Amino acid sequence: MKKGKVCVVGSFNLDIVAGMSRFPQPGESLIAHNSMMGAGGKGANQAVAALRAGARVHYIGKVGRDDFGTFARRHLDSVGFDAVTLFSTADHPTGNALIYVAGADAENMIAVDPGANLTFTLEEIEQCRPAIAAADILLTQLENNLPAIEKVIAIAKEAQTYIILNPAPFQPVSDALLAKVDLLTPNATECSLLTGIQVQDMASAQRAAQVLHGKGIQALIITLGTQGALLSVAGQAQWVAAFAAVPKDTTGAGDAFNGSLAAQLASGVPLADAASFASAYASVCVERAGAAASMPDYAEALARQASATLQATALLPQVGQ
């Protein structure tokens with residue numbers, strides 16, 4: 001597989017995760033059955049996923065000049081990215097997230113202090129123009145300040161770099177910005193907020209997709225968890241199957257999907273095939289604890305895909321039966 005170049009502009013957070021039997025009620029203290037601290041943030045997580053899924057990755061982020069920022073630098077230097085551009089500020093802390101993971105389905109609740117992630121200057125983004133222009137794919141999210149995101153997308157558009165926007169966490173964005181994006185990847189909640197349609201299943205996702213196409217978006221993937229995903233290009237929709245998994249922590253599932261999707265597209269894989277691989281990749285990710293730490297290798301996702309294909313083939317009726 002050709003190693004394409006992915007530039008990820010996005011957040012870095014220090015994640016503090018507590019595993020619970022259930023979520024606490026307001027005013028209630030519960031004993032966690034485990035806890036861990038590690039690297040996170042949608043940008044950094046997606047960059048790690050893209051790297052492990054086979055891409056050459058340039059990660060661009062911003063941290064505070066504090067102990068968490070020192071941790072970030074050490075972590076990012078150790079990952080194996082092609083390049084890292086890490087800006088810093090003394091006026092805000094490094095972004096951090098407090099995460100509860102609870103129950104048999106490993107659902108999560110997250111409180112984020114964005115800190116330095118919301119302090120990108122336009123001058124700093126301008127310094128990143130060569131990296132964005134040199135990439136096959138730009139992958140970005142909404143966990144940074146909107147003027148910076150707008151400039152990142154404008155630079156990529158001018159350079160004809162393919163733009164993936166994962167609109168998470170949700171913040172209001174203009175239709176004009178959405179129309180500049182080559183591929184939009186909301187989950188059901190984000191899609192509902194973008195369109196005003198309550199997205200719960202494939203039928204409602206298709207209705208929401210038509211609204212988003214009406215805003216000028218040519219291609220989008222609406223992820224629906226265990227129901228799979230809806231891929232819609234210029235109004236033509238197809239279902240992307242979910243892969244069976246025994247979830248341990250769903251925190252990084254969306255980031256795994258987006259990062260591996262970007263890696264596949266950067267290597268020249270067609271969109272529908274890339275989406276299927278990303279679904280397999282995310283299914284492996286949720287079976288492990290942590291976000292960045294749980295991102296699988298390319299071969300693991302490929303094996304999950306192959307295994308599911310064999311099982312599906314085994315269920316087909318035999319000729320003559």
Side-chain angles (χ1 to χ4, degrees), residues 7-18 35-51 57-79 81 83-101 108-125 127-128 131 138-153 165-173 185 187 189-190 249-256 258-259 285 289-295:
C7 179
V8 181
V9 181
S11 56
F12 179 94
N13 291 328
L14 186 85
D15 287 349
I16 302 169
V17 184
S35 64
M36 61 178 290
M37 185 177 78
K42 291 188 178 299
N45 288 346
Q46 292 179 17
V48 171
L51 176 73
V57 177
H58 187 149
Y59 170 68
I60 298 168
K62 190 167 184 178
V63 297
R65 293 175 197 154
D66 51 16
D67 289 345
F68 287 179
T70 301
F71 174 92
R73 290 183 185 281
R74 284 202 304 264
H75 167 74
L76 294 168
D77 284 345
S78 71
V79 169
F81 294 130
V84 174
T85 301
L86 200 61
F87 298 100
S88 67
T89 175
D91 299 326
H92 297 270
T94 299
N96 57 88
L98 306 177
I99 303 170
Y100 289 143
V101 177
N108 60 73
M109 294 175 64
I110 307 175
V112 178
D113 175 6
N117 291 310
L118 296 183
T119 68
F120 268 114
T121 67
L122 298 184
E123 290 75 19
E124 287 168 341
I125 297 300
Q127 291 177 46
C128 302
L138 168 74
L139 174 58
T140 192
Q141 318 78 30
L142 296 179
E143 207 164 30
N144 298 103
N145 45 314
L146 192 55
I149 296 166
E150 290 170 339
K151 186 167 181 65
V152 166
I153 289 173
L165 173 62
N166 176 221
F170 176 80
Q171 61 171 301
V173 293
T185 60
N187 65 17
T189 300
E190 293 143 9
D249 182 355
T250 60
T251 306
D255 297 334
N258 279 277
C285 170
S294 66
M295 298 303 172

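All values reported here derive from a predicted model rather than from experimental measurement.
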TODO: Output yes when a side-chain donor or acceptor of Asn187 lies under 3.5 Å from a complementary backbone atom of Thr189, and no otherwise.
DONE: yes

Arg65 meets the side chain to side chain donor-acceptor pair (under 3.5 Å) criterion, sequence neighbours left out, with Ser88

Taken to the nearest 0.5 Å, the spacing of Met109 CE from Tyr100 OH works out to 8.0 Å

Paired with Thr94, the side chain to side chain donor-acceptor pair (under 3.5 Å) test is passed by just one of Thr70, Asp66, Asn13, namely Asp66

Tyr59 vs Leu86 side-chain heavy atoms within contact, under 4.5 Å | yes

Between Ala49 and Met295 the two heavy atoms that sit nearest each other are CB-SD, 3.8 Å

What one should report as the nearest heavy-atom pair of Ala131 and Ile60 is CB-CD1, 4.4 Å

For Glu190 and Ala168, the nearest pair of non-hydrogen atoms, with its separation, is OE2-CB, 3.0 Å

Looking only at atom types and distance, does a side-chain atom of Glu143 sit under 3.5 Å from a main-chain N or O of Asn117, one as donor and one as acceptor?
no

For Asn166, the side chain to side chain donor-acceptor pair (under 3.5 Å) test, sequence neighbours excluded, returns Gln46, Thr185

Separation between CG (Asp113) and CZ (Phe68), nearest 0.5 Å, reads 10.0 Å

Separation between CG (Leu98) and CD1 (Ile16), nearest 0.5 Å, reads 5.5 Å

Does a side-chain heavy-atom distance below 4.5 Å link Gln171 with Ile149? yes

Heavy atoms of Asp15 and Gly40 approach each other most closely as OD2-CA, 3.3 Å

What one should report as the nearest heavy-atom pair of Phe12 and Ala44 is CD1-CB, 3.8 Å

Practice prompt. Give me the ring orientation class for Phe120 and Phe87: parallel if the planes are under 30° apart, tilted from 30 to 60°, perpendicular past 60°.
Written response: perpendicular

- Task: Would you confirm whether Thr140, through its side chain, and Val9, through its main-chain N or O, come within 3.5 Å as a donor-acceptor pair?
- Result: yes

Rounding to 0.5 Å, atoms CD1 (Ile125) and CG (Asn145) come to a distance of 7.5 Å

The reported gap from CG in Asn258 to NZ in Lys42 (rounded to nearest 0.5 angstrom) is 8.5 Å

Contact between Pro169 and Val112 at the side-chain level, heavy atoms closer than 4.5 Å - yes or no? no

Contacts of Ala116 meeting side-chain contact (heavy atoms from CB on, under 4.5 Å) (sequence neighbours excluded), chain-then-number -> Lys62, Thr89, Thr119

Those residues at least two apart in sequence (or on a different chain) that pass side chain to side chain donor-acceptor pair (under 3.5 Å) with Glu150 are none

Applying side-chain contact (heavy atoms from CB on, under 4.5 Å) to Leu122 and not counting sequence neighbours gives Pro147, Lys151

Those residues at least two apart in sequence (or on a different chain) that pass side-chain contact (heavy atoms from CB on, under 4.5 Å) with Leu51 are Val57, Val79, Phe81

The reported gap from CG in Leu165 to CG in Leu142 (rounded to nearest 0.5 angstrom) is 5.0 Å

Minimal heavy-atom distance between Cys128 and Thr85, with the atoms involved, is SG-CG2, 4.5 Å

